[in-house]
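Keep in mind that this is a model prediction, so the values were computed, not measured.
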Amino acid sequence: MFFYSSFAKKSVFYTFLQILPALAGIIILRIYSSLLTREEYAVLAMLTTTSTLSLIINSLCMDQVITRYYYDHVHDRKKLDDFFLSVISVMVALLFVIIAFVFIIPQGINEYLFKGMLENMQWQFIASVLVGFALSLYKSLLSFQRNEQAHFKVLILTLSASVLQVAFVWIGIRFFQNSVLGAQLGKFAGIALPTIVLIFMYFAGRKASIKFALIREVVPFFAPLVLYGLMYWGVSQFDQVLFQMRMQSLELLALYVMAFNIALFADLILSGLSSFIIPEMNMIMKQQTDTGRISNYIHLFVLMSCFSILAVSLAGNLMTDFYLDPKYGSIGWIIDGLLIGYIFRMLYTIYSFPVYYQKKTMILTIALGISLAISLSVNWFLIPSAGIFALLLSNFLSRFSQAWLTAGLARKMSTIPFNRMKVFGLTVIFVLLLLSLMIIGYFTRVNHYLAISAAFIIAVLTALILFRKQLPVLISLLRDGFLKNRHENLKH
């Protein structure tokens, strides 16, 4: 029972930590919606895709490398410190390489994609690269601290980066003549400052040295992941660039991107839950303990994920109605359409575990490559006629195909113990509920909050029917986790 209570406590803790940057993101969205025009926001969004691309190349997915190889080095502290320092050194070196490429970007891109709105184009792209670099350091340090079980340090890093981002983004937009550049530099400063300080604090007094042999050792692991990351960027963010290429409408792009960023909170919640699940499952497999214990908390993960995604739909509509600037008041249906993809993202998380553990990450790349081809094809041919609907359709098809292909390939490697009938049944119901909310939001004048209330009632009844025999066990796992956490706090 200790295992389950520990799972519940850590799941709540790491989900709470994901809420901190989500709250910061909510405040930043308000800043963007009120201080930037739609066209400025669309320009910033496309520069953000550059930041994400820079993050993938700059980090070499080292946060995932750290999670997987931490337990291979943890018994030799000097080797672990050398490994962590080597990771950081590679990212610093790659930063200068990426900046060098910025200077060969043709000026014609400014007119073609940004309608000439990109003042000081090279500095704008350098700023976006710096944001990617800061995120690389931040995610790697966070991964290292999580595996160290340094919960207080994880809290300090997450909290400080969240607060400073809000402050510096507001300062950058308000006081820089170029608002878009100010927003990017503000985000860089907010993330980089606490991350660099904590990295220096960690290595203070330690005699770590750079060992590139340790990096060469993990190349077979991260190389497919980098390729995977590039293709995932193509699935999740390149559609924004394609939309501007095919539609030439920064105004419409701004509406989609705002909805995309609100729906992205579902990804933060899934990441919060999975950030405990993956290390915990790695530890179980490493110790070769009873893998049957995996079943119950996978079911709990699925239930918490599905209801969290539906809650994001409610929160998104509340934001558009009462929080964001009125010029973004018509995007609720887009949010619901995007959230359908995160249901399949949840299934992908479950099925990708044995692939990561067995270090067969090329399987993930193959599955994503197929979903990328589907996404690019749908967007290229349908955007001119279907507009935002094409983006929603490609999002659904790419997420579905990725989860389905990964499941098929992973099943040959390892059998993941959970009740497929119940999990898939719940998945279908939640997809239909979100699809219904999207249709109601776009085609009818039915009160959206009434529709969401009905969706929650149906979702609860479905969960009670499918998991009626397991719910007492799952609820007791959560209750024991809360009680144990409270007891430990009282002792301290």
Side-chain angles (χ1 to χ4, degrees), residues 25 28-52 109-118 124 128 179-180 183 233-266 312-313 316-317 319-321 323-342 374-399 434-435 437-445 448:
I28 290 174
L29 286 181
R30 172 61 183 174
I31 294 171
Y32 288 160
S33 71
S34 59
L35 298 183
L36 299 176
T37 66
R38 274 191 191 177
E39 289 191 339
E40 286 175 332
Y41 182 59
V43 168
L44 178 61
M46 284 195 287
L47 288 170
T48 300
T49 65
T50 305
S51 297
T52 308
I109 286 181
N110 188 14
E111 291 296 332
Y112 181 59
L113 289 180
F114 301 98
K115 293 185 177 180
M117 292 184 60
L118 208 57
Q124 294 275 18
S128 65
S179 298
V180 174
W233 173 81
V235 170
S236 63
Q237 293 197 18
F238 188 65
D239 60 347
Q240 298 171 22
V241 179
L242 273 179
F243 186 85
Q244 181 59 16
M245 290 172 62
R246 302 291 281 162
M247 286 290 289
Q248 291 289 307
S249 174
L250 289 173
E251 291 274 336
L252 284 178
L253 178 60
L255 293 178
Y256 174 76
V257 171
M258 184 61 75
F260 175 84
N261 284 327
I262 293 174
L264 199 60
F265 294 140
V312 172
S313 173
N317 281 275
M319 285 180 64
T320 57
D321 289 341
Y323 184 70
L324 297 178
D325 191 273
K327 60 178 173 279
Y328 294 100
S330 59
I331 61 173
W333 66 275
I334 306 176
I335 297 171
D336 293 329
L338 288 168
L339 288 175
I340 294 173
Y342 287 107
I374 293 172
S375 176
L376 293 177
S377 301
V378 171
N379 282 325
W380 182 262
F381 290 108
L382 295 186
I383 282 176
S385 58
I388 291 176
F389 280 104
L391 297 176
L392 297 179
L393 178 61
S394 70
N395 176 67
F396 164 74
L397 291 175
S398 60
R399 299 279 192 178
L434 288 168
L435 180 61
L437 290 174
M438 184 190 80
I439 294 172
I440 290 170
Y442 185 78
F443 289 105
T444 74
R445 295 185 178 181
H448 203 75

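In the model, Asn261 has no side-chain atom that pairs as donor or acceptor with a side-chain atom of Tyr32 under 3.5 Å. No donor-acceptor contact under 3.5 angstrom links the side chains of Thr49 and Gln240, judged on distance only.
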Could you walk me through whether Tyr41 and Leu29 pass the side chain to side chain contact (heavy atoms under 4.5 Å, CB included) check?
-> CA-CA 10 Å; Tyr41 182 59; Leu29 286 181; 3.7 Å; yes
Side chain to side chain contact (heavy atoms under 4.5 Å, CB included) between Asn317 and Ile335, intermediate numbers included | CA-CA 8 Å; Asn317 281 275; Ile335 297 171; 5.7 Å; no
Run the numbers on Trp380 and Leu242 for side chain to side chain contact (heavy atoms under 4.5 Å, CB included), then give the verdict.
-> CA-CA 7 Å; Trp380 182 262; Leu242 273 179; 3.6 Å; yes
What do the steps show when you test Tyr256 against Met247 for side chain to side chain contact (heavy atoms under 4.5 Å, CB included), and what is the final call?
-> CA-CA 13 Å; Tyr256 174 76; Met247 286 290 289; over 6 Å; no
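For residues 327-341, the pairs satisfying side chain to side chain donor-acceptor pair (under 3.5 Å) are Ser313-Asp336, Asp325-Lys327, Asp336-His448, with sequence neighbours left out.
Distance check, rounded to the nearest 0.5 Å: CG of Leu339 to CG of Leu437 gives 9.5 Å. Once rounded to the nearest 0.5 Å, the distance linking CD of Gln244 with CG of Leu253 reads 6.0 Å. Taking CZ of Arg246 as the start and OG of Ser385 as the end, the distance is 9.0 Å to the nearest 0.5 Å. Note that the OG atom of Ser33 and the CD1 atom of Ile28 stand 12.0 Å from one another [nearest 0.5 Å]. Rounding to the nearest 0.5 Å gives a distance of 4.0 Å between CD1 of Ile334 and CD1 of Ile388. Note: Phe260 CZ to Leu338 CG = 7.5 Å, rounded to the nearest 0.5 Å.
Scanning both residues, Arg30 and Tyr323, for their nearest heavy atoms gives NH1-O, 2.7 Å. The shortest non-hydrogen separation linking Leu255 to Ile331 is O-CG2, 3.7 Å. Shortest non-hydrogen contact noted between Ser375 and Ser394 is O-CB, 3.9 Å. Listed here is the closest heavy atom pair of Tyr342 and Ala263: CE1-O, 3.4 Å. Nearest heavy-atom pair, Leu392 versus Gly337, reported as atom, atom and distance to 0.1 Å: CD2-C, 4.0 Å.
Using a 30° and 60° split on the angle between ring planes, Phe389 and Tyr442 fall in the perpendicular class, above 60°.
Side-chain contact between Ile262 and Leu324 is present, with at least one heavy-atom pair separated by less than 4.5 Å. Proximity of Glu40 to Leu44: side-chain heavy atoms (C-beta onward) are nowhere separated by under 4.5 Å. Between Gln124 and Val180 there is a side-chain heavy-atom pair separated by less than 4.5 Å.
In terms of the side chain to side chain donor-acceptor pair (under 3.5 Å) criterion, Thr48 has no residue partners (sequence neighbours excluded). Taking Trp233 as the reference, Phe238 meet the ring pair (Phe, Tyr, Trp, His ring centres under 6.0 Å) condition, with sequence neighbours excluded.
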